[in-house]
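Everything numeric in this text was worked out from a predicted model, so none of it was measured. By convention in this document, chain letters (A, B, ...) are assigned in the order of the sequence lines, proteins followed by strands, and residues within each chain are numbered from 1. Atom set for the values below is all heavy atoms of this structure, side chains included, hydrogens, waters and symmetry mates excluded.
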Protein chains: 2
Amino acid sequence: MELIRIYECFCDRTRLRILNLLSTGPLCVCHLQGVLAEPQVKISKHLAYLRTRGLVAARREGNWIVYRLPAKVSRELRVNLACLQDCAAEDPVFRRDQARLARLAPVLPEAGACACPRITSRRQ
Amino acid sequence: MELIRIYECFCDRTRLRILNLLSTGPLCVCHLQGVLAEPQVKISKHLAYLRTRGLVAARREGNWIVYRLPAKVSRELRVNLACLQDCAAEDPVFRRDQARLARLAPVLPEAGACACPRITSRRQ
DNA sequence: TAACAATATACCTATTGCGGAATATAGTTT
DNA sequence: AAACTATATTCCGCAATAGGTATATTGTTA
């Protein structure tokens with residue numbers, strides 16, 4: 001019953017917002033910070049939560065760490081992520097996040113370096 | 001973000017099994033006990049959990065209490081229940097539950113009395 | 001009304017999750 | 001090497017959850 005693990009990951013607002021953003025493509029943590037506007041430690045811990053449960057994958061990119069949805073996902077995860085996207089399309093929170101992301105990162109860090117604006121001031 | 005409440009309900013194995021069974025139609029608690037083969041208190045508490053969060057509705061029917069999915073559900077709940085059914089169709093646990101239910105209750109308690117076998121011996 | 005049957009609730013305990021503050025780690029730049 | 005930047009981890013306290021035991025509630029039947 002892998003479903004339980006999926007739904008445990010799904011039942012936190014911050015994690016849902018992260019998954020929604022990652023559905024667009026890979027993102028480094030600073031992008032997530034910029035969009036979510038939550039404390040760094042909070043985001044980092046939720047990313048760790050998702051990582052240990054296989055919902056996201058991470059790779060280092062110099063100073064940054066780029067998170068993405070895993071390349072291969074189970075059928076169960078795939079359909080549930082699709083369902084989440086379906087719901088997200090109508091939810092103001094998710095839509096606002098997507099809009100912020102588009103403004104903040106017109107170019108996503110597909111394979112190269114992270115083009116993050118320095119967000120030191122927003123770090124706390 | 002009603003989604004959170006839905007996923008909180010979804011992230012327990014017993015609750016998922018209950019929702020899967022109720023997707024077939026209304027059921028009284030003794031049917032659920034017969035199929036799930038879990039202690040009465042456990043089932044009752046999970047039903048209460050689902051009830052207080054609006055995922056199921058209950059009506060008294062003489063000595064029995066019949067649970068069902070609510071008549072009107074939000075779009076979010078509807079698509080997520082559909083997604084759950086999609087996943088359940090391939091999961092051995094859910095399939096076995098459905099098979100047990102079909103054997104135990106060929107006639108569902110649609111509107112009338114609950115045709116429960118006396119399951120006193122199974123009560124613990 | 002007394003016994004019974006079906007279900008719910010109260011109480012307890014252990015576990016888990018969440019958030020914050022402080023600190024650690026690992027790369028990079030000077 | 002030292003300072004810096006980005007991110008992770010540790011430690012803490014608190015709230016929520018899960019499961020069990022015992023008991024209560026509500027309706028039915030004798």
The test is side chain to side chain contact (heavy atoms under 4.5 Å, CB included); show your working for B:Phe94 and A:Met1 and say whether it passes. CA-CA 9 Å; B:Phe94 293 121; A:Met1 189 99 63; 3.5 Å; yes
Before you tell me yes or no, could you show the steps for A:Leu27 and A:Val66 under side chain to side chain contact (heavy atoms under 4.5 Å, CB included), namely the whole-Å CA-CA distance, both residues' side-chain angles and the distance that decides it to 0.1 Å? CA-CA 5 Å; A:Leu27 286 175; A:Val66 178; 5.9 Å; no
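Taking atom CD1 of B:Ile65 as the reference point, atom P of C:dA6 lies 12 Å away to the nearest angstrom. The distance from atom OH of B:Tyr7 to atom C1' of C:dC18 is 20 Å, rounded to the nearest whole Å. Atom CD in A:Gln33 sits roughly 12 Å away from atom C1' in D:dA8 (whole-Å rounding). When the P atom of C:dA6 is taken as reference, atom CG of B:Leu27 falls 16 Å away, rounded to whole Å. Between the CD atom of A:Glu61 and the C1' atom of C:dA26 there is a distance of 15 Å, given to the nearest Å. If you take CZ of A:Arg59 and C1' of D:dT7, they are 16 Å apart, rounded to a whole angstrom. Spacing between atom CG of B:Leu32 and atom P of C:dT7 amounts to 9 Å, rounded to whole angstrom units. Distance, A:Trp64 CH2 to C:dT25 C1': 17 Å, rounded to whole Å.
In this structure, A:Thr24 OG1 and A:Gln98 CD are separated by 3.5 Å, a value rounded to the nearest 0.5 Å. Rounding to the nearest 0.5 Å gives a distance of 15.0 Å between CZ of B:Arg15 and CG of B:Asn20. Taking CG of A:Leu36 as the start and CG of A:Leu21 as the end, the distance is 5.5 Å to the nearest 0.5 Å. In this structure, B:Leu19 CG and B:Leu77 CG are separated by 8.5 Å, a value rounded to the nearest 0.5 Å. Between atom CG of residue A:Leu32 and atom CG of residue A:Leu22 there is a gap of 5.5 Å, rounded to the nearest 0.5 Å.
Look at A:Arg75 and B:Asp86 and you find a salt bridge, because one of the NZ, NE, NH1 or NH2 atoms lies within 4.0 Å of a carboxylate O, short of that distance. Ion pair A:Glu8/A:Arg5 not flagged as a salt bridge, since none of the NZ, NE, NH1 or NH2 atoms sits closer than 4.0 Å to an Asp/Glu carboxylate oxygen. Taking the charged nitrogens against the carboxylate oxygens, B:Glu76 and B:Arg78 have no contact shorter than 4.0 Å, which rules out a salt bridge.
Annotation: salt bridge (charged side-chain N to carboxylate O under 4.0 Å, His left out) contacts of B:Lys42 (sequence neighbours excluded): B:Glu38. Residues passing the side chain to side chain contact (heavy atoms under 4.5 Å, CB included) test with B:Ile65, sequence neighbours excluded: B:Ala58, B:Arg60, B:Tyr67.
Between B:Phe10 and A:Tyr7, the ring planes are perpendicular. Angles over 60° get that label, and only those under 30° would be called parallel.
Scanning residues 12-20 of chain A for heavy-atom distances under 4.0 Å to DNA chain C yields A:Asp12, A:Arg15. Within residues 42-54 of chain A, the residues having any heavy atom closer than 4.0 Å to DNA chain C are, in order of number, A:Lys42, A:Lys45, A:His46, A:Tyr49, A:Arg53.
The residue among A:Gly62 and B:Arg60 whose nearest nucleotide of DNA chain C lies closer to the 5′ end is B:Arg60. When each of A:Val41 and A:Asn63 is assigned the nucleotide of DNA chain D with its nearest heavy atom, A:Asn63 is the one assigned upstream, toward the 5' end.
Here B:Tyr67 reaches the OP1 or OP2 of C:dA8: one of its side-chain N or O atoms lies under 4.0 Å away.
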Using Watson-Crick and G-U wobble pairs whose two distances are both under 3.5 Å, how do you write the pairing of DNA chain C as dot-bracket, with | for links to another strand? ||||||||||||||||||||||||||||||
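Around atom CZ of B:Arg95, no more than 12 heavy atoms belonging to other residues, nucleotides or ligands sit under 6.0 Å away.
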Detail all sub-3.5 Å separations between protein N/O atoms and N/O atoms belonging to nucleotides 1-3 of chain D.
none

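If you check distances only, the side chain of A:Gln40 does reach the base of D:dA8 with a donor-acceptor pair under 3.5 Å.
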